[in-house]
Amino acid sequence: MPARRGADGPRTTRPSHLRTRDRCRRRAKPMSEALRPLAAAIARAAGSLGATLTEDEVLAALGTPPRPEMGDVAFPTFPLARALRNAPPRIAADLAEALRTELDDLPDVSRIEAAGPYLNAHLDPTRRARRVIEQALDTGYGRSSDGVGRKAGIDYSSPNIAKPFGIGHLRSTVIGNALRRLHEFQGWQVTSVNHLGDWGTQFGKLMAAFERWGDETALLDDPIQHLYRLYVDFHREIETRPELEEEGRAWFRRLEEDDPRAREYWERFRTLSLREFQRIYDRLGVSFDHFWGEAWYNGMLEPLVNEMEQDGLLVESEGARVVPLDDLELPPCLIVKSDGASLYATRDLAAARYRHDTLGTDRFLYVVGAAQSVHFQQVFAVLDRMGHTWARGLAHVPFGMILGISTRKGTLVFLEDVLDRGRDLALEVLRTRPGLSDEERARIADQIAVGAVVFADLSRNRMRDYEFDWDRILDWNGRTGPYLQYTHVRLGSLEQTFRERFPGVEPGLPDDLSCLDSEHVRAILQQLERFPTIVVEATRDLEPSQVSRYLLDLAEAFNAWYSGGERLLTDDVAASAARLAVARAVRQVLGTGLGLIGVPLPDRM
RNA sequence: GGCCCCGUAGCUCAGUUGGAUAGAGCGGCGGAUUCCUAAUCCGCAGGCCACAGGUUCGAUUCCUGUCGGGGUCACCA
């Protein structure tokens with residue numbers, strides 16, 4: 001029933017050779033490049049012991065010790081044991097010895113020591129602080145040029161015309177939006193496409209229903225509500241009056257034959273629905289380059305089928321025309337129904353080709369529920385069979401479903417209701433904040449609601465199913481969107497306080513950073529260093545939740561310092577400036593990261 | 001039945017190409033606010049990582065099987 005890319009549904013995965021991961025996987029990014037000199041030194045030391053290790057191999061093997069007092073970087077020696085015919089602890093000790101003379105050439109490293117089978121390096125706190133903060137303060141921190149010169153397309157959201165924008169449509173919308181921003185951040189030129197469910201027999205039913213019971217004023221007052229009600233009522237009536245079924249089919253036939261009256265209905269329903277969707281998209285901060293719905297491809301279906309026919313791809317089966325895919329252990333892909341009509345897959349084939357031809361994309365992502373995995377396996381396989389080598393650049397990005405929002409059980413939840421409730425809850429809290437105008441309050445409350453809802457969805461692995469829960473999705477305590485927004489706001493007011501306290505002093509990095517040699521700051525710097533790697537991995541795995549979780553880790557590291565530790569701003573200008581620099585770096589990364597996953601940034605809370 | 005996803009603390013989830021004592025939030029209990037926003041922070045309790053084998057110096061992680069939950073398997077989208 002979910003027209004094109006409905007929200008509910010199951011999940012599957014295609015054969016391994018077509019898997020998303022394989023298609024889009026890029027070389028795993030090692031840890032921070034700043035550690036390269038250290039890695040090189042370790043590689044040399046290993047070489048002097050008789051093992052051959054490249055710089056990159058070492059860099060990739062580097063990890064973090066479980067406890068901070070053990071050091072900042074760890075290198076496990078287990079893999080060397082066989083080649084060196086020696087026990088790992090022995091090797092670690094030998095490496096530490098061999099590196100003793102190299103320490104002078106590694107200004108960032110203050111100490112290297114063996115700890116059992118591990119070789120642990122301690123980084124010089126203030127040098128590291130300066131390096132990390134300088135990098136992180138740059139607005140482009142975390143950017144990469146991986147996608148420069150490449151084009152990507154993303155198909156996401158794709159709701160059904162004349163049906164409410166349910167909470168179920170949230171997933172595709174926010175995941176797709178985050179993937180879009182992640183790709184753009186990596187230099188890709190991205191085109192977003194909203195594959196609206198704007199065609200099919202359900203429109204015939206809708207028209208038949210409107211002819212019978214439609215109400216102009218109700219339609220204009222609340223279009224989707226009215227149309228949805230008609231649709232539901234129509235289905236209920238069909239139970240007792242089966243002839244309505246045929247009436248709906250007749251109307252759809254008229255639509256396909258370009259009957260003016262049917263056409264007019266379609267245009268109206270579509271326009272009105274789109275207007276409502278746009279309101280939600282605006283609220284979410286989501287946009288699309290193209291609203292190419294299913295109907296967009298109508299004219300391309302017949303030529304496509306003819307071509308497939310000529311190429312001998314189609315086989316007759318039970319009156320239908322199909323592409324057999326037995327060799328891939330997939331069910332045959334239906335192209336033409338026995339009554340001559342096209343299907344969902346037909347439209348997707350045409351769409352894929354059209355998009356590739358007009359956009360020239362190197363990669364195209366379909367952010368659609370996991371229930372449609374088989375469908376996409378089929379479509380991709382057929383395109384491949386048609387000789388379209390570019391089909392290798394297509395990937396389905398599946399996600400789990402939201403449970404407990406069945407239409408049948410009457411538990412359908414409208415996204416707008418969720419956002420409204422979130423806004424009202426936020427308003428309650430904001431009431432206690434002084435110095436805010438009503439407009440500011442309203443806008444901020446909405447940003448908080450959006451932040452809560454978006455983040456709640458993006459905070460878990462996308463494949464996971466989850467139960468819809470009002471309290472959980474709008475929660476602002478703990479690891480939530482509002483928590484991050486709040487942290488970001490406080491970081492901002494910290495800078496403001498600094499400027500008020502030290503008028504005329506530009507916040508910058510003072511020469512003396514010794515006040516940053518603390519456990520709390522060390523933890524923050526470690527988080528800041530992770531950001532570029534996180535961005536690359538989240539893009540590689542098409543998993544925005546990695547960014548979400550990272551931002552929480554970063555915010556928690558900062559809050560532990562801010563709330564539990566020393567006072568950041570004191571009478572000491574230099575020390576205050578040094579600590580503010582850390583805060584500004586965190587704010588910069590937090591802001592960038594929240595932008596990537598589509599969480600709005602209130603300027604006050 | 002075939003195939004796919006999932007199974008980690010009471011609940012919701014992390015767990016870095018396999019690595020040191022498996023982590024966090026919520027909930028529970030106990031603390032912190034004359035001071036930079038308490039939508040915050042600190043502490044305590046809570047685990048046969050579903051089960052059984054296998055590979056490995058080492059497995060929550062990889063392989064096989066079993067059990068449990070969800071999904072999917074041609075004329076809907």
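In what follows, every chain begins at residue 1, and chains take the letters A, B, ... in the order their sequences are listed. Below, each value reflects all heavy atoms present in this structure, side chains not excepted, and no hydrogens, waters or symmetry copies. Remember, predicted model here, so these are calculated numbers, not experimental data.
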Of the candidate nucleotides [options], which contains the atom at the shortest distance from the side chain of [X]?
X: Ala560(A); options: C42(B), U37(B), U40(B); value: C42(B)
X: Pro331(A); options: C36(B), C73(B), U72(B); value: C73(B)
X: Leu430(A); options: U37(B), A39(B), C41(B); value: A39(B)
X: Arg479(A); options: A20(B), A74(B), A24(B); value: A24(B)
X: Met401(A); options: C36(B), G70(B), U16(B); value: G70(B)
X: Pro65(A); options: U40(B), A20(B), U37(B); value: A20(B)

Identify all stems in which RNA chain B takes part, counting only runs of at least 3 consecutive pairs (Watson-Crick or G-U wobble, each distance under 3.5 Å), and give each as one range with another, ordered by first number.
B:1-7 with B:67-73, B:10-13 with B:23-26, B:28-32 with B:40-44, B:50-54 with B:62-66

Does Thr480(A) get its side chain close enough to the base of A39(B), under 3.5 Å, for a donor-acceptor pair?
no

When you measure only distances, ignoring hydrogens and angles, does the side chain of Arg490(A) come within 3.5 Å of the base of A38(B) through a donor and an acceptor?
no

Using a 4.0 Å cut-off on protein heavy atoms (strictly under), produce a 5'-to-3' string for nucleotides 8-13 of chain B with B for base contact, S for backbone-only sugar-phosphate contact, and - for none.
---SSS

A correct 5'-to-3' footprint of nucleotides 54-65 of chain B, with B, S and - meaning base, sugar-phosphate only and no protein heavy atom under 4.0 Å, is ---B--------

Indicate, with yes or no, if the rings of Tyr466(A) and Phe399(A) have centres closer together than 6.0 Å.
no

What about the rings of Phe203(A) and Phe269(A), do their centers lie closer together than 6.0 Å?
no

Applying ring pair (Phe, Tyr, Trp, His ring centres under 6.0 Å) to Trp476(A) and not counting sequence neighbours gives none

Just jot down the ring pair (Phe, Tyr, Trp, His ring centres under 6.0 Å) partners of Phe277(A), sequence neighbours excluded, or say none.
Phe165(A)

Side chain to side chain contact (heavy atoms under 4.5 Å, CB included) with Ser548(A): which residues, sequence neighbours excluded?
Phe455(A), Leu458(A), Ile597(A)

So His195(A) and Tyr297(A), ring-ring contact (aromatic ring centres under 6.0 Å, His included) or not? Walk me through it.
CA-CA 10 Å; His195(A) 194 89; Tyr297(A) 308 99; 5.7 Å; yes

Please determine whether a side-chain nitrogen of the Lys or Arg among Asp541(A) and Arg462(A) lies less than 4.0 Å from a carboxylate oxygen of the Asp or Glu.
no

For Ala61(A) and for Ser317(A), locate the closest nucleotide of RNA chain B by heavy-atom distance; then report the residue assigned to the nucleotide nearer the 5' terminus.
Ala61(A)

